[in-house]
Amino acid sequence: MDATAVWNCSQLVTLAGPARARRGAEMRDLAVIPNGAMLIHDGRIQRVGTRKEIEAAASGDFEVIDAGGRVVMPGFIDAHAHPVFGGTRADEFEERMQGTTYAQIAARGGGIRSTVRQTRAASEDELLAAARRYRGWFLRGGTTTVEAKSGYGLSLEAECKMLRVMARLNEDANVRYIPTFLGAHEVPDEFRGRMDAYIELVVEEMIPMVVKEHLAESCDAFVEPSVFPVEKARVVLEAAQRAGLRLRLHADQFTTDYASLLAAELGADTADHLESTSPRGMEALDAAGVMPVLLPASVYAIGAAHYPAARKMIEMGLPLVLATDFNPGSSPTASMPMVLSLAATQLKMTAAEAITAATVNPAYSLQRGEQIGSLEAGKSADFVIHDCDDYRELPYFFGRDPALAVYRSGTCLYKFLQNS
Ligand code: NIG
Ligand code: FE
């Protein structure tokens with residue numbers, strides 16, 4: 001028996017619509033079916049409709065998933081995360097909350113370089129065990145796909161170790177990881193003052209290895225004057241592009257329009273962060289078809305107040321994506337529901353806009369729009385039953401992870417144990 005009917009959903013939030021990322025007013029249309037249902041066959045969605053239609057269509061032997069009168073929607077797709085790392089930085093967090101800035105900690109060798117030291121010191125198995133633990137956090141938030149960046153190894157060996165951990169996570173057939181190579185995340189300790197020599201290592205050794213071993217689909221770089229200035233990042237990104245990798249950039253986190261223009265020029269899939277982007281940078285992204293990935297939890301967790309201009313971007317027709325940026329420094333959360341809450345209160349996005357930016361839009365940003373991101377016939381049955389009666393409760397009841405059950409390809413990965 002490989003057929004399953006999902007019914008008794010107060011709302012089936014399908015996000016059915018054009019086969020591309022949604023922009024402007026389209027972001028507010030979730031194609032909700034009240035009292036909706038769906039039929040799954042061999043892990044794929046066969047049909048979506050009202051309960052009546054699905055009951056009539058279901059025949060023979062089939063299993064039933066009763067959603068208990070709750071909201072059912074696609075699994076979240078977290079399109080920007082750093083989910084493999086050694087150690088934590090709870091000590092730096094405490095310091096930062098007392099006034100030391102993220103930049104000051106980075107300048108004295110902490111920050112990313114602190115995690116690099118801890119990641120290098122960890123064995124592949126230790127990193128895998130930690131990443132599996134964090135995977136549980138993604139799942140409990142209702143996330144079924146995570147874009148996963150390397151960038152805490154910064155040597156050929158340690159970058160490959162991180163990327164192998166992601167491949168091993170995928171062997172578990174649990175949350176789906178889409179790996180991105182982030183060799184240009186920082187200049188490691190042993191190359192301080194020798195950025196060009198480090199870039200040579202990235203270009204001559206790391207990128208060829210990543211491509212040869214199929215360890216990543218995309219390449220990212222932290223483009224900032226104090227980290228990798230535009231002209232240095234360009235060397236890495238152009239080499240990656242020539243080698244067949246796609247591009248996603250850490251852009252304009254602290255410096256206005258510094259990297260968004262580069263993302264546009266290189267035709268990157270995404271420009272991520274954009275806290276400091278001006279209308280000029282946004283226009284460049286729009287003209288080049290680069291999708292903005294906004295990371296409000298990283299603004300929140302560094303205790304800053306400079307959130308990206310989401311409303312302006314939506315007005316301009318940019319197809320927004322929201323992600324956690326889960327990492328041990330600037331954003332220690334794997335919770336997409338938390339991101340949805342921040343999207344509402346800080347970015348002034350409606351619940352529908354935020355849900356579009358957390359499902360179908362990230363799927364297209366990752367070249368997966370044909371397979372995941374909405375509940376439509378032919379797509380993978382990646383869905384979540386949330387403890388909500390109305391999807392607008394997702395950003396409204398905050399500080400909880402509302403997933404009651406999470407399914408990937410029709411298989412249950414997580415079930416909340418309720419005692420009432
Ligand atoms: O997306 N901006 C650079 N990289 C991460 C931070 C990583 C870290 O602090 O470890 C980010 O915020
Ligand atoms: Fe990041």
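Whatever order the structure lists ligands and atoms in, that order sets their numbers, starting from 1.
Distances below 4.0 Å separate heavy atoms of I112 from the following atoms of ligand 1: 7 (C), 8 (C), 9 (O), 10 (O). Distances below 4.0 Å separate heavy atoms of H80 from the following atoms of ligand 1: 1 (O). Atoms of ligand 1 found under 4.0 Å from any heavy atom of H185, numbered from 1 in the order shown, are 3 (C), 4 (N), 5 (C), 7 (C). Short contacts between ligand 1 and R89, defined as distances under 4.0 Å to a heavy atom of the residue, involve ligand atoms 8 (C), 9 (O), 10 (O). Taking every non-hydrogen atom of D325 and a distance limit under 4.0 Å, the qualifying atoms of ligand 1 come out as 1 (O), 11 (C), 12 (O).
Within D325, the N, O or S atom at minimum distance from the Fe ion (ligand 2) carries the name OD1.
Classification of the H250-H185 ring pair by plane angle, with boundaries at 30° and 60°, yields tilted. In this structure, W137 and F326 have perpendicular ring planes: the angle between them is above 60°, well past the 30° mark.
In this structure, a donor-acceptor pair under 3.5 Å is absent between the side chains of T14 and E376. Neither side chain, S155 nor E157, offers a donor N or O lying under 3.5 Å from an acceptor on the other. Between the side chains of D389 and S10, not a single donor N or O lies within less than 3.5 Å of an accepting N or O.
For atom 2 (N) of ligand 1, the nearest non-hydrogen atom of the protein is Q253 OE1, 2.8 Å. Scanning the protein for heavy atoms near atom 12 (O) of ligand 1, the closest one is S330 OG, 2.6 Å. Shortest contact from atom 3 (C) of ligand 1 to any protein heavy atom: F222 CE2, 3.2 Å. At the top of the distance list for atom 6 (C) of ligand 1, counting protein heavy atoms only, stands Y102 OH, 3.1 Å. For atom 7 (C) of ligand 1, the closest non-hydrogen atom on the protein side is Y152 OH, 3.2 Å.
At a heavy-atom distance under 4.0 Å, no atom of F85 approaches ligand 1. No part of S298 comes within 4.0 Å of ligand 1, judged by heavy-atom distances.
A salt bridge is defined here as a Lys NZ or Arg NE, NH1 or NH2 lying under 4.0 Å from an Asp or Glu carboxylate O, and D401 with R140 fails to meet this definition. Here E213 does not pair with R164 in a salt bridge; the nearest charged N to carboxylate O distance is not below 4.0 Å.
For the side chain to side chain contact (heavy atoms under 4.5 Å, CB included) with S298, the lone residue among N327, T333, D325 that qualifies is D325.
A distance of 6.0 Å or more separates the ring centres of Y307 and Y300.
The minimum heavy-atom distance linking V236 with C219 is given by the pair CG1-SG, 4.2 Å.
Within the 2.8 Å limit, H82 places at least one N, O or S atom next to the Fe ion (ligand 2).
An N or O contact shorter than 3.5 Å is missing between T115 and ligand 1 by distance.
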